[in-house]
Number of protein chains: 2
Amino acid sequence: MFDSESELPTLRSPHALAPMKLAANLQEQVASHLRRRILSGQLLPGTPLREQTLAVEFGISRGPIRDALLHLTKEGLLIAKPNVGVRVANEPSGFKRNVIVHLRREIEASAVTAWFETRDPALLKRLDDNLSHYKDACGGSDLGQVVELDMAFHRLLVETADHGSLVDLWLPIMLRMFLRYSRHRDLMESYHEHAGIVRAMHGGREWEALEALKLHIV
Amino acid sequence: MFDSESELPTLRSPHALAPMKLAANLQEQVASHLRRRILSGQLLPGTPLREQTLAVEFGISRGPIRDALLHLTKEGLLIAKPNVGVRVANEPSGFKRNVIVHLRREIEASAVTAWFETRDPALLKRLDDNLSHYKDACGGSDLGQVVELDMAFHRLLVETADHGSLVDLWLPIMLRMFLRYSRHRDLMESYHEHAGIVRAMHGGREWEALEALKLHIV
DNA sequence: GAGTCAAACATTGTTGACAAATGACAACTC
DNA sequence: GAGTTGTCATTTGTCAACAATGTTTGACTC
């Protein structure tokens, strides 16, 4: 059924960057693992996820699995039908995706605008770090890595605003958009767009940063 | 501790309008019940919610309670700290609330715009129904009722767009905003704003409807 | 009296067993 | 042969007990 080496990783990925807190409880580990498999395209839309199957696969009981599936359902990555189960959500329709794009722009632009109030250089340092890792990942073949670093970049932006209070609002929107990450995406172009945003922030050019961000989110 | 008559309602409220499906499973019933108590202000921000306490209160085990708390956490009504528990979330900060307002406007305006493509009269019928109930509720004293009907109104709008696919995106945003529903709110004025939106839709005046909607969401 | 440590308590996290609901399939009716 | 009903296997829903973690309390030291 599944590869036997798809075991629960005992630790997070080697270079888990700054604010990625590694979860102590099983439900979060399971959720992270499944989230990555969905976003990297290993689990395609429509694929059913059975609690018992996952339980034996991870070598734990159904309880934490259940919690994790609930998490992912609320994040929009799975859809649940009572008494039947969950399956990987479909990509959003064209109409819905268009709305999502506007919402992401609104949130991330608000965050960047808030940053320009203080221009705290700590964020720039982290973004630079992320960029160098992201460049490497885009050259490599690990799509899961690329997705994670891309998301981390935008999460860094959002976390600056109002001390991270926007993240919980932003995450489900972001995840739904990333359901179709793999397709139609030039990775290196994405990297250069990230770099352009950071460059404008370094130079203190607010309008340019916002414009680059807006053009990047499509 | 709690009133003994705060038992789990065996059925939903008497005039549960059209698309409110009554939940068969306990977790949804518990979630609905708690959601209402939070939004109506019976449970104030910061109040801790203990699994065991709720379990005996509802006369069920901790399992469904746990699921319900997870739901509400992901909806933004509760905040969870691992190994410690959940408590009712604080009202969003001024900055966050401002972002939320823009997101809600974006979503609901998209929905209304989509409706003007077809102008399906079924929606108008439901909105009229809602309005009459809403007017009564605003006159009465049951704040929970008012909140529910207000939310139902906007849910009706959102559900028309793209066959309801926006609802899951919209709900957490809406709920966070309603965390401070009770305060600073003139109920009758709110009713008249709803009525104004519906009137513009009846008359086919798209711009007026969108403008009224935008002014209503603050 | 202030600070520190450990033990007791309270609460969540996890587990395995059992109950209830669903969907598929076969037998039956008309 | 089309539709309906009944049965069965599969899957989720619920439960109660146990383990692990976090918090509080109170004695003890300085």
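Side-chain atoms are counted along with the backbone in the values below, which use heavy atoms only and exclude waters and symmetry mates. Residue numbers begin at 1 in each chain, while the letters A, B, ... track the order of the sequences.
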Show the numbers, then the answer: is there a salt bridge (Lys or Arg N to Asp or Glu O under 4.0 Å) between A:R176 and B:D168?
CA-CA 11 Å; A:R176 266 170 258 249; B:D168 55 353; 3.0 Å; yes
I'd like to know if B:E57 pairs up with B:R62 as an ion pair, taking the criterion as any Lys NZ or Arg NE/NH1/NH2 lying under 4.0 Å from an Asp or Glu carboxylate oxygen.
no
Side chain of A:N83 only, heavy atoms from C-beta on: which candidate in C:dA21, C:dT15, D:dG22 is closest?
C:dA21
Specify the separation, in whole Å, of atom CG of B:L49 and atom C1' of C:dA10.
16 Å
Out of C:dT12, C:dT15, D:dC15, which has the shortest distance to the side chain of B:R66?
C:dT12
Would you kindly give the CD-to-C1' distance between B:E51 and D:dC15, to the nearest whole Å?
14 Å
Of the listed nucleotides (D:dG13, C:dT11, C:dT15), which one gets closest to any side-chain atom of B:N25?
D:dG13
Over all strands shown, is A:G63 touching base, sugar-phosphate only, or nothing at heavy-atom distances under 4.0 angstrom?
base
Considering only D:dC15, D:dG13, C:dT12, which nucleotide approaches the side chain of B:R62 most closely?
C:dT12
When every non-hydrogen atom of B:L179 is compared with those of B:L39, the smallest separation belongs to N-CD2, 4.4 Å
Distance check needed: D:dT14 C1' versus B:I65 CD1, whole Å only.
12 Å
Taking the side chain of B:V84 as its heavy atoms from C-beta onward, which of D:dT14, D:dT23, C:dT15 lies nearest to it?
D:dT23
Nearest atoms (heavy-atom pairs only) where B:V101 meets B:M177
CG2-CE, 3.9 Å
How close or far is atom P of D:dC18 from atom CG of A:L26, stated in whole angstroms?
20 Å
A:R50 CZ to D:dT12 P: how many Å, rounded?
6 Å
Spacing of A:I60 atom CD1 relative to C:dT15 atom P, expressed in whole Å
6 Å
Just by distance, no angles: are the side chains of A:H102 and B:H102 close enough, under 3.5 Å, to form a donor-acceptor pair?
no
Here the distance between atom C1' of C:dT15 and atom CD of A:Q52, to the nearest Å, is 12 Å
For B:L54 and C:dT11, give me the distance from atom CG to atom P, rounded to whole Å.
12 Å
Residue-phosphate contact under 4.0 Å: A:K81 side-chain N/O, C:dG23 OP1/OP2
yes
